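Everything below concerns the one structure shown next.
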Amino acid sequence: MKRIVSGIKPTGSLTLGNYLGAIKQFVKLQEERENDEFYLFIADLHAITTRQIPHELRKRTLDIAAMYIASGLDKERTTMFIQSEIPQHVELGYILQSNVYMGELERMTQYKDKIVKGEDSITSSLFTYPALMAADILLYDADYVPVGEDQKQHLELSRDIAKRFNHYYSDFFTVPEPIIPSVGARIMDLQDPTKKMSKSADNPKGYITMFDEANIIKKKIKSAKTDSIGIINYDPIKQPGLANLLNIYASATDKKVEDIVSQYKDTDYKTFKEDLGQVLVDLLTPIQEKYQELIKSKLLQEILDQGRDRALDYAFKKMRKCKKKVGLGRK
Ligand code: AMP
Ligand code: TRP
């Protein structure tokens, strides 16, 4: 049995990109690996490395938990919890900060990008973020960590920190491996297909959120930018808007792009878009209905309570041993 651990940062509301690129992949991984154990947490401590409005942060934290369950995550096989409810993350994060060098943190592109953009209110926790992320993973002896391409570098650093700690104090942490999805990894903006679909886009017509109503979803797909070529064909260079819609269709239905192209090749954009709109409504409506039931329910609270208790149990034992190894405290 292997342990798979991942975290999601509760910033901004969830989009179709998050669903196809992360949530759906996670659910699929769980279906494929039926003997493995899954730990999934909402990384609220990571969220506050940039300014958050308190009531919005709390709402999004619960929204994400509910959306994952509504999307088909098996609640019996998932230890789902909220990061800040397990104090050992911060405790281990500090110990790991003492095992990572300034130079290594300065090389992290996510941090460097902010410096290059000239952002001035960069907090010290944003700088040390990778040490907390390493703690999130190493605390539970994760074997595998599913993440998007953008987190690969942070994971590499987590591996280096684990090896360094093991080398100095003798074997203690499992060195984790990343799992990076190959499909659905990049859903683009509906109005500007050169940009990743993101809730921070200026034009709300460019993204579909997990909460959009049926008529809004259909409208957004209908007004998605395509081209004047008018032929259904997969060509990301000449027809990037259409290629993105084909990718969305494929990812939503688990069909191959080429099969969708041959299905629609004798039709027009209007027909294809109408069908895609319906595919997405059929996909999202049942998830939204489950979400509505869950968000008000005791069940969600129970899942999070149970997740917290299980995670605490593991984290407490691991940290007690860790402190002993490092020479902290009396015994
Ligand atoms: P973020 O919302 O950027 O913190 O990302 C949360 C997760 O959703 C990460 O695993 C991302 O890789 C994934 N994700 C976000 N936007 C997209 C997108 N447009 N296409 C595919 N995956 C995405
Ligand atoms: N840093 C990740 C992100 O921005 C979220 C995250 C925090 C995470 N801790 C983690 C992901 C541990 C995997 C494992 O998306």
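Atoms within a ligand are numbered from 1 in the order they appear, just like the ligands themselves. Predicted model only: the values in this text are computed from it and were never measured.
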Judged on heavy-atom distance to atom 9 (N) of ligand 2, which of D136, L45, I137 sits nearest? D136
Give a yes-or-no answer on whether the side chains of Y249 and D275 include a donor-acceptor pair shorter than 3.5 Å. no
Taking 4.0 angstrom as the limit, do R60 and D63 come out as a salt bridge? no
Between M188 and ligand 1, does any nitrogen or oxygen pair lie at a separation below 3.5 Å? no
For F26 together with F38, are the ring centres under 6.0 Å from each other? yes
Is it true that Y140 and F41 have ring centroids separated by less than 6.0 Å? no
Any idea which part of V147 is under 4.0 Å from ligand 2, heavy-atom wise: side chain, backbone, both or neither? side chain
Is the shortest N/O to N/O distance between Q151 and ligand 2 below 3.5 Å? yes
Side-chain donor-acceptor contact under 3.5 Å, Y207 with D212: no
Do any N or O atoms from the side chain of N244 and from the backbone of M188 form a donor-acceptor pair under 3.5 angstrom? yes
Could you say whether the N/O atoms of T15 and ligand 1 ever approach to under 3.5 Å? no
As an exercise, identify every atom of ligand 2 less than 4.0 angstrom from a heavy atom of V145. 13 (C), 14 (C)
May I ask you to check whether D150 and Q110 show a side-chain donor-acceptor distance below 3.5 Å? no
With distance as the sole test, does Q306 use its side chain to make a donor-acceptor pair with the main-chain N or O of T79 at under 3.5 Å? no
Regarding E156 and S158, is there a side-chain donor-to-acceptor distance under 3.5 Å anywhere? no
Please report which non-hydrogen protein atom sits nearest to atom 1 (N) of ligand 2, along with the residue it belongs to and the distance in Å to one decimal place. Y129 OH, 2.8 Å
Any N/O pair M197/ligand 1 closer than 3.5 Å: yes
So, Q278 versus D282: side-chain donor-acceptor pair below 3.5 Å or not? yes
So is V147 polar-close to ligand 1, meaning N/O to N/O under 3.5 Å? no
If you count the atoms of ligand 1 from 1 in the order shown, which ones are under 4.0 Å from a heavy atom of G21? 21 (C), 22 (N)
Below 4.0 Å from ligand 1: does a non-hydrogen atom of I8 turn up there or not? no
Would you call K196 a ligand 1 contact, heavy-atom distance under 4.0 Å? yes
Charged N to carboxylate O under 4.0 angstrom, E91 versus K323? yes
Once you restrict to heavy atoms under 4.0 Å, what part of Y39 touches ligand 2? Side chain, backbone, both or neither. neither
So for ligand 2, is Q110 a polar contact partner (N or O within less than 3.5 Å, distance only)? no
Candidates P146, S6, G7; heavy atom nearest atom 8 (C) of ligand 2 found on G7
Could you list which atoms of ligand 2 come closer than 4.0 Å to a heavy atom of K9? 4 (O)
Of I187, I248, D150, the one whose closest heavy atom lies nearest atom 20 (N) of ligand 1 is I187
Describe, in one word, how the ring planes of Y264 and F272 are oriented to each other, choosing from parallel (under 30°), tilted (30 to 60°) and perpendicular (over 60°). perpendicular
What atoms of ligand 1 come closer than 4.0 angstrom to any heavy atom of K199? 2 (O)
With heavy-atom distances below 4.0 Å as the criterion, list the atoms of ligand 1 near R186. 20 (N), 21 (C)
